[in-house]
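A short worksheet on the structure shown next.
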Amino acid sequence: MWTLLQIELFKIFKRPRTYIAFAAIAAIVLLIQLALYLDGDAYINFLLRSIERFNVEGKILNGYFVCYFILQTLLIHVPLLIALVGGDMIAGEANMGTLRLLISKPISRSHLLLSKFLATTVYTLLLLIWMAFLSLLVSLMLFGPGDLMVFQSEVIVQIPASDVFWRYLAAFGFAAIAMTTVAALSFLLSLFAENSIGPIVAAMSIIIVFTILTTMDLPLFVSMKPFLFTSHMLGWKGFFDIQATPGNSAIPGSIENTPAIIRSAMILLGHIVLFVGAAIVIFRKKDVLS
């Protein structure tokens with residue numbers, strides 16, 4: 001299995017288009033950091049325009065705030081970058097005519113498929129690590145640390161600087177589960193095509209449709225929300241919902257709704273198992289003609 005994984009990773013990273021995602025994330029993150037560095041104070045004033053007599057020690061525009069801003073902006077678009085590779089893992093082999101050759105080797109189809117999915121997962125994790133480095137560590141170097149101000153619909157949550165870093169580690173860990181779910185979906189869809197464009201478009205279409213359904217409050221869609229993986233992909237935000245004392249003082253190290261985060265993570269993991277399991281079952285019975 002380890003040899004198969006090495007081969008699949010070599011295939012992924014020898015393709016120039018693999019690095020498009022890394023370049024795109026770098027470009028977007030650096031542009032956001034530049035914009036906030038040049039005109040971030042105006043943006044903060046815009047957020048505080050309706051709040052009177054609000055004072056905070058230190059500066060609101062710090063590395064932690066910039067990272068939170070980037071995550072809200074970028075994690076919505078990262079699934080497309082992951083689908084670029086996940087949707088190509090099987091369909092790309094079929095398109096090049098090498099899939100039939102692969103299954104003729106003395107290895108089981110299940111091991112072959114698992115090695116391809118593990119390689120896709122490694123790519124996804126490396127992409128998130130790259131994003132974490134740029135959005136968190138580089139932001140801290142440029143803007144410095146400080147208390148994190150999270151602007152929600154009705155309240156502003158202030159998290160002490162000493163209680164923020166571990167929350168980002170947990171948030172990126174949760175994001176890894178969410179993005180692996182997208183990788184598993186595009187990986188499953190790649191079984192049904194001989195061109196990677198189809199699975200990529202199909203995966204993004206499913207995500208868009210499910211996301212729209214989760215935002216609609218019609219009774220039918222409300223009952224469907226708990227079972228749609230898109231309803232749980234933003235669960236990383238739960239790590240920044242901190243509990244407060246009766247006097248509205250933050251409780252360091254606390255999380256407002258830990259069971260909800262765990263439930264979302266378990267549902268996402270369930271979808272990963274479902275997608276990969278379905279892919280293995282279908283691939284073992286599939287007639288490969290290309």
Side-chain angles (χ1 to χ4, degrees), residues 1-22 24-25 77-128 130 175-210 228-230 233 268-290:
M1 178 68 77
W2 172 244
T3 302
L4 289 175
L5 177 59
Q6 288 179 306
I7 293 172
E8 294 302 328
L9 287 173
F10 174 77
K11 289 180 182 178
I12 289 176
F13 288 99
K14 80 171 183 178
R15 295 193 291 260
R17 64 176 176 270
T18 298
Y19 300 95
I20 293 176
F22 291 89
I25 286 179
H77 307 288
V78 169
L80 172 60
L81 302 177
I82 292 172
L84 288 174
V85 170
D88 189 55
M89 292 302 291
I90 304 297
E93 297 278 8
N95 185 46
M96 292 186 295
T98 56
L99 185 58
R100 191 174 183 180
L101 177 63
L102 282 176
I103 63 174
S104 67
K105 300 296 182 181
I107 53 176
S108 70
R109 291 192 178 192
S110 298
H111 284 173
L112 175 62
L113 209 66
L114 284 175
S115 65
K116 286 182 172 294
F117 176 69
L118 288 176
T120 307
T121 302
V122 171
Y123 164 82
T124 301
L125 295 178
L126 290 175
L127 196 63
L128 286 173
W130 174 242
I177 299 175
M179 294 303 106
T180 303
T181 306
V182 175
L185 173 63
S186 60
F187 185 79
L188 170 62
L189 295 174
S190 71
L191 289 173
F192 303 101
E194 295 187 0
N195 189 303
S196 58
I197 296 178
I200 294 170
V201 173
M204 292 310 302
S205 298
I206 291 173
I207 293 173
I208 292 171
V209 170
F210 283 6
L228 301 178
F229 68 91
T230 51
M233 290 181 64
L268 291 173
L269 289 171
H271 277 85
I272 293 173
V273 173
L274 175 64
F275 293 149
V276 177
I280 292 175
V281 171
I282 294 171
F283 189 62
R284 290 178 65 179
K285 299 180 179 180
K286 181 180 177 65
D287 292 329
V288 179
L289 304 177
S290 57

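By convention here, the first residue in the shown sequence is residue 1. This is a predicted model, so every value here is computed, not measured. Values reported hereafter were calculated over all heavy atoms of this structure, with side chains retained and with hydrogens, waters and symmetry mates removed.
Within 6.0 Å of atom CG in Leu269, more than 12 heavy atoms from other residues, nucleotides or ligands are found, so the atom counts as buried in its surroundings. The environment of CZ in Arg284 is sparse: at most 12 heavy-atom neighbours from other residues, nucleotides or ligands sit within 6.0 Å. Annotation: Tyr19, atom OH; neighbour count of heavy atoms from other residues, nucleotides and ligands within 6.0 Å is above 12. Sparse packing is recorded around NE2 of His111, with 12 or fewer heavy atoms of other residues, nucleotides or ligands lying under 6.0 Å away.
Between Leu274 and Phe229 the shortest side-chain heavy-atom distance does not fall below 4.5 Å. Counting heavy atoms from C-beta outward, Leu112 and Glu8 have side chains that approach closer than 4.5 Å. Using a 4.5 Å heavy-atom cutoff, the side chains of Leu84 and Leu81 are in contact. Proximity of Thr230 to Ile206: side-chain heavy atoms (C-beta onward) are nowhere separated by under 4.5 Å. Taking 4.5 Å as the limit, every side-chain heavy atom of Thr124 sits out of range of all side-chain heavy atoms of Val182. Met89 is listed as a side-chain neighbour of Ile12, based on a closest heavy-atom distance under 4.5 Å.
Each of Tyr123, Phe187, Phe283, Phe275 was evaluated against Phe117; a single residue qualifies, Phe187, per the ring-ring contact (aromatic ring centres under 6.0 Å, His included) test.
Note that the CD1 atom of Ile280 and the CG atom of Leu113 stand 5.5 Å from one another [nearest 0.5 Å]. Here Ile82 contributes atom CD1 and Leu185 contributes atom CG; the two are 11.5 Å apart, rounded to the nearest 0.5 Å. The CG atom of Asp88 sits 8.5 Å away from the CG atom of Asn195 when rounded to the nearest 0.5 Å.
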Take Leu125 and Val122 through the side-chain contact (heavy atoms from CB on, under 4.5 Å) test and state the conclusion after the steps. CA-CA 5 Å; Leu125 295 178; Val122 171; 5.7 Å; no
Let me see the working for Met179 and Leu127 under side-chain contact (heavy atoms from CB on, under 4.5 Å), right down to the final yes or no. CA-CA 10 Å; Met179 294 303 106; Leu127 196 63; over 6 Å; no
I would like to know whether Lys116 and Ile90 meet side-chain contact (heavy atoms from CB on, under 4.5 Å); could you show each step before the answer? CA-CA 8 Å; Lys116 286 182 172 294; Ile90 304 297; 3.4 Å; yes
Run the numbers on Leu80 and Ile200 for side-chain contact (heavy atoms from CB on, under 4.5 Å), then give the verdict. CA-CA 8 Å; Leu80 172 60; Ile200 294 170; 4.2 Å; yes
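Residues Lys14 and Lys11 approach most closely at CG-O, 3.4 Å, considering heavy atoms. Smallest separation of non-hydrogen atoms from Ile207 and Pro79: CD1-CB, 3.9 Å. Heavy atoms only, all atoms of each residue included: Ala91 and Pro199 are closest at CB-CG, 4.2 Å. For the pair Ser186 and Ala203, the tightest heavy-atom approach, listed with the atom from each and the gap, is CB-CB, 4.0 Å. Nearest heavy atoms, Ala183 versus Thr120: CB-CG2, 3.8 Å. Heavy atoms only, all atoms of each residue included: Leu126 and Phe13 are closest at CD1-CZ, 3.6 Å.
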